[in-house]
Participant: 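Sharing a structure below in C-alpha cells format, with a few things to ask.
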Amino acid sequence: DTAVSQTPKYLVTQMGNDKSIKCEQNLGHDTMYWYKQDSKKFLKIMFSYNNKELIINETVPNRFSPKSPDKAHLNLHINSLELGDSAVYFCASSQTAGANVLTFGAGSRLTVL
Amino acid sequence: AQTVTQSQPEMSVQEAETVTLSCTYDTSESDYYLFWYKQPPSRQMILVIRQEAYKQQNATENRFSVNFQKAAKSFSLKISDSQLGDAAMYFCAYRAENSGYALNFGKGTSLLVTP
C-alpha cells in the first residue's frame, strides 16, 4: 500500500484552465504539506495543514487553494493556470507538525501549454 | 530566514569509491534539524539521514554518514562504497525546532556514479 498517494501523476493542460491534484495518506499522520519543485529542481514549501487547519501559507498566488476535508487528505486546486505553474508538485505528511520525518508522495508533474 | 546552500550542482564518483556532498546553512536558531534527501530518477523523495543539532555525534546510516560542524554551519554527506543505485539528486534540508514546521531545502546536487 502506498503511504502517500497523489493523483494524477501527470497532468497536461492549457493555460487558463482550472485543475486539481489530490493527495491521500494512510499513515495516520496529523500534518500534510504541498511542495513545488520547479524546472531547476528547487523544492519550496507552499502550504501545510495540521488536523485540517492551515498552519503554513507561503507567498503563493491566490490562484492556488488547498483544501483538507479530513486529516488524511490534502488537495490542491489551481485556477487560471499559467505557464509558470508548470512544475512537479509533491505532497508529504508527518506524524505531527513538529515531527522531523516527512514522507513524500511520488509527485504530480503539471505541464501547462 | 534560514537558507540552505549546496555549492556543488553536480558531482561524479566511481563505483566503490567515496564521495562527499557539501551543504552549509544559515540560521540564528540554536535548536534545529538537518536532513539529506535523495531523489532518484523515479522522482520519489527518500530520506537518507538526519541529524539533531543538539547531538554532537555525527549520524550514520550504513554507507551514509554526515560531518556536522555546528560552529561552521556545515553539514556534509559522505557516501562510502558508492553504488550505481546511489545516482540521484541529493537535497540538504533544514528545519528549525521552534520557528515554523516546513523543511527548507537546498538547490540539490546531482550525483553521477560511473562503473
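Every chain is numbered from 1 and lettered A, B, ... according to where its sequence line falls, protein lines coming before strand lines.
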Participant: Closest heavy-atom contact between A:Gln37 and B:Phe91?
Facilitator: NE2-CZ, 3.4 Å
Participant: In terms of hydrophobic clusters joined by side-chain contacts under 4.5 Å, are A:Ile56 and A:Met46 together?
Facilitator: no
Participant: May I ask whether B:Leu111 and B:Phe64 are part of the same hydrophobic cluster, defined by side-chain heavy atoms of I, L, V, M, F, W, Y residues being less than 4.5 angstrom apart, directly or through others?
Facilitator: yes
Participant: Should A:Ile78 and A:Tyr10 be regarded as members of a common hydrophobic cluster, given that ILVMFWY residues are connected when their side-chain heavy atoms come within less than 4.5 Å of each other, either directly or indirectly?
Facilitator: no
Participant: Check whether more than 12 heavy atoms from other residues, nucleotides or ligands sit under 6.0 Å from atom CD of B:Gln83, and answer yes or no.
Facilitator: yes
Participant: In terms of hydrophobic clustering (I, L, V, M, F, W, Y; side-chain heavy atoms under 4.5 Å; direct or indirect links), are A:Met15 and A:Leu76 co-clustered?
Facilitator: yes
Participant: Is it the case that atom CG in B:Asn62 sees more than 12 heavy atoms from other parts of the structure closer than 6.0 Å?
Facilitator: no
Participant: Sub-3.5 Å donor-acceptor pair from the side chain of A:Tyr35 to the main-chain atoms of B:Leu103, do we have one?
Facilitator: yes
Participant: For residues 42-55 of chain B, give me every residue with a non-hydrogen atom less than 4.5 Å from any non-hydrogen atom of chain A.
Facilitator: B:Arg43, B:Gln44, B:Met45, B:Leu47, B:Arg50
Participant: Is B:Leu112 reachable from B:Leu21 through a run of hydrophobic residues whose side-chain heavy atoms are each under 4.5 Å from the next?
Facilitator: no
Participant: Side chains of A:Leu102 and B:Phe35, heavy atoms from C-beta outward: is any pair under 4.5 Å?
Facilitator: no
Participant: For a side-chain contact (heavy atoms from CB on, under 4.5 Å) check, start with the C-alpha distance between B:Phe105 and A:Lys41, then their side-chain angles and the critical distance, and finish with the verdict.
Facilitator: CA-CA 10 Å; B:Phe105 285 90; A:Lys41 302 285 190 182; over 6 Å; no
Participant: Kindly give the heavy-atom pair with the smallest separation between A:Ile45 and B:Ala102, and that separation in Å.
Facilitator: CG1-CB, 3.7 Å
Participant: In terms of heavy-atom pairs under 4.5 Å, which option from A:Ala106, A:Ser94, A:Gly105 contacts chain B the most?
Facilitator: A:Ala106
Participant: Looking at B:Lys78, I'd like to know if its NZ atom is crowded, meaning that more than 12 non-hydrogen atoms belonging to other residues, nucleotides or ligands lie closer than 6.0 Å.
Facilitator: no
Participant: With a sphere of 6.0 Å drawn around NZ of B:Lys70, does it hold more than 12 non-hydrogen atoms of other residues, nucleotides or ligands?
Facilitator: yes
Participant: Measuring from B:Lys107:NZ to A:Lys40:NZ, what's the distance to the nearest 0.5 Å?
Facilitator: 7.0 Å
